[in-house]
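Scroll down for the structure; my scribbles are underneath it.
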Amino acid sequence: MTNALYLSSDETIAQAQVIACEQTEDGLWAVKLDQTLFHPQGGGQPSDLGTIGGVEIKKVIHTPDSILHFAIAPIHGEVELVVEPAIRTLHSRLHSAGHIIGLVGDELGWHATRGNHFPGESRVIFEPEKPENIQLIDKETFEKSVQAIIDRALTRVTTYDGALRFVTWGNLPSYPCGGTHVRNLRDIGKVLITKIKMKKGTISVSYELDL
């Protein structure tokens, strides 16, 4: 099992030991490490990118027993991990914004169930228990509520219940999550709500960052 350093560290440079490296059918090399800073794709968040031992990493995925890094060339031995900081920052901002959107929706009784935090297609999905009783609000009002929470500039808090990791900021309600997040809410910046729609009892709130 690969030690997932990204769960407890915001660092983007570290050392690791390659424990397996096998070529795949698409010509890439699946690299397994003893530990990693690379967040794999999952939980609605795209994977980190960067280099391992100076070799470009095209994608990272989670398997039942490990985390695999797909490199453009074979990698062996003791290596340096370098996560691309700009990509990590963008993903962390988008994912953190999704948490706050979920919180605002939950306060309206919408019940957040999942999210997509990929750049260009970010949205949070809500599934109200009684959708017939839900009244949608306009995106401008929703956006103001989101920004009001962000402007509180609360600091990230991470807790555990057994193996389950919970993330929040300050005293806000926490969500179980294995993603990466900003240290302080102010680091999210401005969130733009681009669309709110209901279809077949499901509410979708689409958003982007004012970069």
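For the numbers below, each heavy atom of this structure counts, side chains included, while hydrogens, waters and symmetry mates do not.
Taken together through direct or relayed side-chain contacts under 4.5 Å among Ile, Leu, Val, Met, Phe, Trp and Tyr, I72 and L68 form part of one hydrophobic cluster. Residues F118 and L49 do not share a hydrophobic cluster, clusters being chains of Ile/Leu/Val/Met/Phe/Trp/Tyr side chains in contact below 4.5 Å. One hydrophobic cluster, built from ILVMFWY side chains closer than 4.5 Å, holds both L37 and V55. Under a hydrophobic-cluster definition in which Ile, Leu, Val, Met, Phe, Trp and Tyr are linked whenever side-chain heavy atoms come within less than 4.5 Å, directly or via other members, I100 and I125 are assigned to different clusters. No continuous path of ILVMFWY side-chain contacts below 4.5 Å connects V167 to Y160, so the two sit in separate hydrophobic clusters.
Between L209 and V191, the closest side-chain pair of non-hydrogen atoms falls below 4.5 Å. Residues W29 and I75 are not in side-chain contact: their nearest non-hydrogen atoms beyond the backbone lie 4.5 Å or more apart. Looking at V146 and Y207, their side chains never come closer than 4.5 Å, going by heavy atoms from C-beta outward. Contact check for V157 versus S174: no side-chain heavy atoms found under the 4.5 Å cut-off. The closest side-chain heavy-atom distance from I87 to H91 is below 4.5 Å. A 4.5 Å side-chain heavy-atom check between Q147 and I150 finds at least one atom pair inside the cut-off. Residues S204 and K199 are not in side-chain contact: their nearest non-hydrogen atoms beyond the backbone lie 4.5 Å or more apart. Between V18 and V31, the closest side-chain pair of non-hydrogen atoms falls below 4.5 Å.
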key: Full working for side-chain contact (heavy atoms from CB on, under 4.5 Å) between T180 and Q45   = CA-CA 9 Å; T180 64; Q45 180 175 332; 2.9 Å; yes
task = Show the numbers, then the answer: is there a side-chain contact (heavy atoms from CB on, under 4.5 Å) between I101 and I193?
result = CA-CA 9 Å; I101 289 169; I193 302 301; 3.9 Å; yes
request  = Could you go through the side-chain hydrogen bond (donor to acceptor under 3.5 Å, both in side chains) check for Q17 and D34 one step at a time?
outcome  = CA-CA 6 Å; Q17 178 69 41; D34 64 339; over 6 Å; no
Audit row: L7, T158, side-chain contact (heavy atoms from CB on, under 4.5 Å) steps and yes/no = CA-CA 9 Å; L7 292 175; T158 304; over 6 Å; no
key: Full working for side-chain contact (heavy atoms from CB on, under 4.5 Å) between M198 and W110   = CA-CA 11 Å; M198 177 182 280; W110 294 2; over 6 Å; no
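The aromatic rings of Y6 and H39 sit perpendicular to each other, their planes meeting at more than 60°, with 30° as the lower class boundary.
Between F126 and the choices V205, I134, I196, the side-chain contact (heavy atoms from CB on, under 4.5 Å) rule is met once, by V205. A ring-ring contact (aromatic ring centres under 6.0 Å, His included) with Y175 is found for exactly one of H99, H181, H95, namely H99.
Note that OG1 of T36 and CG of N3 are 9.5 Å apart. Values are rounded to the nearest 0.5 Å. Note that CG of L192 is 11.0 Å distant from CD of E140, once rounded to the nearest 0.5 Å. Note that the NE2 atom of H69 and the CD1 atom of I57 stand 7.0 Å from one another [nearest 0.5 Å]. For the atom pair CG (N171) and CG (L154), the distance works out to 6.5 Å, reported to the nearest 0.5 Å. Atom CD in E84 sits 11.0 Å away from atom CG in L90 (nearest 0.5 Å). The distance from atom CH2 of W169 to atom CG of L185, rounded to the nearest 0.5 Å, is 6.0 Å.
Cation-pi geometry between K58 and F70 is not met: the NZ or CZ atom fails to fall both under 6.0 Å from the ring centre and inside 45° of the normal.
Shown here for P40 and I61, the closest heavy-atom pair between the two residues is CB-C, 3.6 Å. Between V124 and A112, the shortest heavy-atom contact is CG1-CB, 4.3 Å. The two residues S47 and K59 have their closest heavy-atom pair at OG-CA, 3.8 Å. Between T63 and I67, the shortest heavy-atom distance links the atoms OG1-N, 4.4 Å. Of all non-hydrogen atoms in F166 and D161, the two that sit nearest each other are CE1-CB, 3.8 Å. Residues T194 and K139 approach most closely at O-NZ, 3.5 Å, considering heavy atoms.
Put simply, the side chain of S96 gets close to the backbone of V182: a donor and an acceptor are under 3.5 Å apart. Judged by distance alone, with hydrogens and angles left aside, the side-chain atoms of Q35 form a donor-acceptor pair with the main-chain N or O of Q15 at under 3.5 Å. Using a distance-only test at 3.5 Å, with no hydrogens or angles considered, a donor-acceptor pair links the side chain of T168 to the main chain of P173.
Crowding of E129 atom CD: a count of heavy atoms from other residues, nucleotides or ligands under 6.0 Å not exceeding 12. The neighbour count for E25 CD, taken as heavy atoms of other residues, nucleotides or ligands under 6.0 Å away, does not exceed 12. The local environment of CD in E22 is sparse, with at most 12 non-hydrogen atoms from other residues, nucleotides or ligands closer than 6.0 Å.
D10 has a carboxylate O that lies under 4.0 Å from a charged side-chain N of R156, or vice versa, which qualifies the two as a salt bridge.
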